[in-house]
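Inspection log for the structure reproduced underneath, given as structure tokens.
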Amino acid sequence: MATDYDAPRKSEDDSESIEALQARVPDKLSGTTGDEDSDNPSSFDLPGADLSDLELDVVVLPAQQDEFTCMSCFLVKHRSQLDHEGAEGPICKECAA
């Protein structure tokens, strides 16, 4: 027997009201947070928050002997991803494709 996958599906759940569906879906626009966020309220940043006074400690490692910086995408890649050395410098396989 062939099944028509393009035909609309009909089931008993199709008759459920919009109010019942909205009651099952959590309100994402409300200001309340779930229980998983209540123990760490600073786990997210608000859009437009001023973070200029925040200091971050970042350790920057120098380029290793088996790495290069692609002159097209400016990402540090492993030597195994080197496609060719162009006039401007090394180019990775993703940028050469």
Checklist outcome for this item: Taken in chain and number order and not counting sequence neighbours, the residues that satisfy side chain to side chain contact (heavy atoms under 4.5 Å, CB included) with Q65 are none

Checklist entry - Taking only residues two or more places apart in sequence, or in another chain, which ones meet L75 in a side chain to side chain contact (heavy atoms under 4.5 Å, CB included)? => result C73, K77

Checklist entry - Can you pull the salt bridge (Lys or Arg N to Asp or Glu O under 4.0 Å) pairs that have at least one residue in residues 55-75, sequence neighbours excluded? => result none

Next on the checklist: Restricting to side-chain hydrogen bond (donor to acceptor under 3.5 Å, both in side chains), what partner residues turn up for D53, sequence neighbours left out?
Outcome noted: none

Item to check | Closest contact, heavy atoms only, I91 versus F68 | outcome: C-CE1, 4.3 Å

Checklist outcome for this item: Between C70 and C92 the two heavy atoms that sit nearest each other are SG-N, 3.4 Å

Next on the checklist: Please give the remaining members of the hydrophobic cluster of L61, linking ILVMFWY side chains under 4.5 Å, ordered by chain and number.
Outcome noted: V59

Checklist entry - Out of curiosity, does V60 fall in the hydrophobic cluster containing L54 (side-chain heavy atoms, cut-off under 4.5 Å, transitive links)? => result yes

Item to check | Sequence neighbours excluded - side chain to side chain donor-acceptor pair (under 3.5 Å) pairs with any residue from residues 79-93 | outcome: H78-S80

